[in-house]
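Read the numbers this way: they start at 1 and go in the same order the structure lists the ligands and their atoms.
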Amino acid sequence: MNRDNIQTAEVLSAYFTQTPGYCAPYGNGHINDTFLVVTDQRFIMQRMNTSIFTRPVELMANIIGVTEHIRAKARKEGGDVARASLVVVPTLDGKQFFVDSNNYYWRVYEFCEHTVTRERVENANDFYTCGKAFGNFQQMLADYPAEKLSEPIANFHNTPWRYENLMKAVEADKVGRLATVLPEVEFARARKDFCAVLENARANGTLPLRVTHNDTKLNNILFDEVTGEPVCVIDLDTVMPGYSVTDFGDSIRFGANTAAEDETDLSKISLDLNLFRVYAKGFLEGCNGSLTPTEIDLLPEGAIMMTLECGLRFLTDHLEGDVYFRIHRENHNLDRARNQFALVADMEKKLGEMKKIVRELANG
Ligand code: ADP
Ligand code: GN1
Ligand code: MG
């Protein structure tokens with residue numbers, strides 16, 4: 001649905017005693033419908049995507065639990081408590097979210113002021129701080145009772161499951177697009193065994209389960225507009241138990257690509273090894289010695305896995321008629337899938353170099 005056509009009057013009246021002077025679509029997220037609301041203060045108001053997050057009540061409980069935990073830590077460590085984590089604004093009658101008469105779920109956050117988001121990595125230092133922010137996020141939640149978290153999307157980063165989903169979409173060819181994507185399907189098929197590398201490591205006990213963010217893109221960090229330092233990790237819908245190496249890998253997928261995620265000129269796509277190095281340095285520092293040797297060793301595979309998985313997901317959605325990721329042009333999901341697969345191919349060539357970089361960093 002076009003975000004301009006979404007009815008906001010009812011939800012605004014649930015949160016504000018007077019109609020706000022400004023309320024308009026905001027940001028570039030693919031999943032939720034985000035609005036900026038201005039009264040004498042600014043707010044982020046989001047209509048949650050309940051076709052993707054089918055258990056919004058549990059999801060909000062996750063977010064409240066995690067944000068309060070991070071704030072309590074910031075308080076203890078003398079950090080910037082007001083901006084350390086998202087602040088959920090209650091409705092006028094004290095609820096953490098609002099359900100409108102069409103059964104849409106909404107939530108409101110305080111706008112985290114004097115911050116900026118970045119869609120692309122502009123310099124290596126930004127990416128280093130991004131690594132530190134996500135490493136630190138995981139570190140801050142290391143003592144959070146993972147069993148209290150519900151899984152907002154089952155099998156979210158279960159790559160073998162994503163692979164099987166693609167194969168089902170190929171089989172069904174629901175909207176008749178298969179004939180035009182056969183090389184991409186072949187690319188995926190050739191990597192079926194690789195898809196299981198992390199799940200196998202989990203099954204044999206060498207890869208621990210941790211509280212992870214699961215959508216560690218650069219644009220899910222708010223940076224201080226003056227110092228450029230990371231202030232707050234946002235987009236907490238997918239916080240759940242997962243692997244440190246996929247949190248690491250998703251950042252590399254998005255931030256160390258020399259082109260945007262939907263660039264169609266495949267010759268522009270490659271893995272920037274310098275950006276890989278600076279992110280790995282920041283992430284390892286942020287994790288502060290908490291990663292096991294196996295986790296450190298599998299960081300490069302995590303990067304390839306997340307890129308491959310994202311390509312599988314984009315291709316699946318293209319074959320299913322673009323029902324999951326918001327598209328802005330025809331074949332947008334196919335362009336994204338081709339882009340991700342081109343990046344996988346380049347990462348595979350650079351696996352040895354990635355491994356060497358990680359070893360060097362880990363050994364100081
Ligand atoms: P999506 O799940 O659709 O990606 P996000 O929660 O990441 O949605 O929000 C989309 C964008 O809105 C972010 O990239 C950021 O620019 C902005 N944003 C979200 N929450 C806040 C906040 N509390 N303060 C300031 N900006 C925010
Ligand atoms: C989605 O909403 P956004 O842009 O932060 C997706 C991620 C993908 C990403 C690809 C819940 O994230 O998993 O990696 O698009 N989020 C969900 O850009 O599926
Ligand atoms: Mg986001």
Side-chain angles (χ1 to χ4, degrees), residues 3 24-38 41-56 59-60 62-63 67 82-89 106-120 151-159 162 165 212-225 230-240 242 246-247 249-255 257 260-263 303 305-317 322-328 332-333 335-337 339-340 343:
R3 285 191 289 174
Y26 187 78
N28 288 314
H30 291 162
I31 303 297
N32 297 304
D33 294 300
T34 301
F35 296 82
L36 174 65
V37 176
V38 185
Q41 227 185 304
R42 301 203 292 170
F43 299 91
I44 287 287
M45 182 170 90
Q46 287 182 321
R47 190 175 76 166
M48 293 182 249
N49 187 329
T50 44
S51 54
I52 289 174
F53 299 108
T54 52
R55 297 191 302 167
L59 183 150
M60 285 309 289
N62 276 0
I63 291 182
T67 52
R83 300 196 301 172
S85 198
L86 288 169
V87 179
V88 176
V89 177
W106 295 80
R107 66 178 167 221
V108 173
Y109 293 123
E110 284 180 12
F111 191 95
C112 194
E113 293 294 349
H114 307 296
T115 59
V116 288
T117 21
R118 306 210 165 91
E119 292 300 323
R120 296 261 337 251
E151 232 186 28
I153 303 180
N155 293 315
F156 191 56
H157 282 325
N158 180 342
T159 315
R162 296 288 184 185
N165 256 7
T212 48
H213 182 277
N214 294 304
D215 192 6
T216 50
K217 295 199 302 194
L218 182 70
N219 65 4
N220 286 331
I221 294 182
L222 302 178
F223 292 90
D224 186 283
E225 68 186 6
V231 172
C232 175
V233 170
I234 61 167
D235 208 343
L236 304 177
D237 295 322
T238 48
V239 170
M240 60 183 133
T246 57
D247 261 9
D250 209 23
S251 286
I252 299 297
R253 173 191 81 73
F254 191 72
N257 186 346
E261 186 185 70
D262 58 356
E263 171 62 57
M305 194 67 77
M306 282 300 92
T307 313
L308 177 62
E309 183 188 284
C310 208
L312 300 175
R313 294 173 65 196
F314 287 142
L315 186 57
T316 305
D317 201 30
D322 307 308
V323 291
Y324 188 97
F325 295 103
R326 185 175 295 134
I327 56 164
H328 305 290
H332 204 168
N333 276 316
D335 292 343
R336 290 169 175 151
N339 177 308
Q340 297 296 288
L343 184 58

For the residue pair [Y] / [X], report whether a side-chain donor-acceptor contact shorter than 3.5 Å exists.
{"X": "Glu119", "Y": "Asn219", "answer": "yes"}
{"X": "Gln46", "Y": "Thr34", "answer": "yes"}
{"X": "Asp262", "Y": "His332", "answer": "yes"}
{"X": "Arg162", "Y": "Asn165", "answer": "no"}

For ligand 1, what N or O to protein N or O distances fall under 3.5 Å?
from: ligand 1; atom 1: 2 (O); to: Asn32; atom 2: ND2; distance (Å): 3.1
from: ligand 1; atom 1: 2 (O); to: Asp235; atom 2: OD1; distance (Å): 3.1
from: ligand 1; atom 1: 2 (O); to: Asp235; atom 2: OD2; distance (Å): 3.0
from: ligand 1; atom 1: 3 (O); to: Ile31; atom 2: N; distance (Å): 3.4
from: ligand 1; atom 1: 3 (O); to: Asn32; atom 2: N; distance (Å): 3.1
from: ligand 1; atom 1: 4 (O); to: Asp235; atom 2: OD2; distance (Å): 3.0
from: ligand 1; atom 1: 6 (O); to: Gln46; atom 2: NE2; distance (Å): 2.9
from: ligand 1; atom 1: 7 (O); to: Asn220; atom 2: OD1; distance (Å): 3.1
from: ligand 1; atom 1: 7 (O); to: Asp235; atom 2: OD2; distance (Å): 3.0
from: ligand 1; atom 1: 8 (O); to: Gln46; atom 2: NE2; distance (Å): 3.4
from: ligand 1; atom 1: 9 (O); to: Gln46; atom 2: NE2; distance (Å): 3.3
from: ligand 1; atom 1: 14 (O); to: Asn219; atom 2: O; distance (Å): 3.1
from: ligand 1; atom 1: 16 (O); to: Thr117; atom 2: OG1; distance (Å): 3.0
from: ligand 1; atom 1: 23 (N); to: Glu110; atom 2: O; distance (Å): 3.1
from: ligand 1; atom 1: 24 (N); to: Cys112; atom 2: N; distance (Å): 2.9

Could you tell me the separation between the CH2 atom of Trp106 and the CG atom of Asp33, rounded to the nearest 0.5 Å?
7.0 Å

Spatial distance of atom CG (Asp215) from atom CZ (Phe156) [nearest 0.5 Å]
6.0 Å

For a salt bridge (Lys or Arg N to Asp or Glu O under 4.0 Å) check, start with the C-alpha distance between Arg83 and Glu113, then their side-chain angles and the critical distance, and finish with the verdict.
CA-CA 8 Å; Arg83 300 196 301 172; Glu113 293 294 349; over 6 Å; no

For a side-chain contact (heavy atoms from CB on, under 4.5 Å) check, start with the C-alpha distance between Ile63 and Val239, then their side-chain angles and the critical distance, and finish with the verdict.
CA-CA 8 Å; Ile63 291 182; Val239 170; over 6 Å; no

Atom of Asn214, atom of Asp250 and distance for their closest heavy-atom approach
O-OD2, 4.1 Å

Test side chain to side chain donor-acceptor pair (under 3.5 Å) applied to Glu309 and His157, Gln340, Arg253, the passing residue:
His157

Matching residue for Asn32 among Asp237, Asp235, Asn49, Thr50 - test: side chain to side chain donor-acceptor pair (under 3.5 Å):
Asp237

Could you pull out all residues at least two apart from Arg120 that satisfy side-chain contact (heavy atoms from CB on, under 4.5 Å)?
Ala260

Asp247 side chain to Thr212 backbone, donor-acceptor under 3.5 Å:
no

Using a 4.0 angstrom limit on heavy atoms, which residues are close to ligand 2?
His30, Ile31, Phe53, Phe156, Asp215, Lys217, Asn220, Asp235, Thr238, Arg253, Glu261, Cys310, Arg313, Phe314, Tyr324, Phe325

Return all protein N, O or S atoms below 2.8 Å from the Mg ion (ligand 3), chain by chain in residue order.
Asn220 OD1, Asp235 OD2

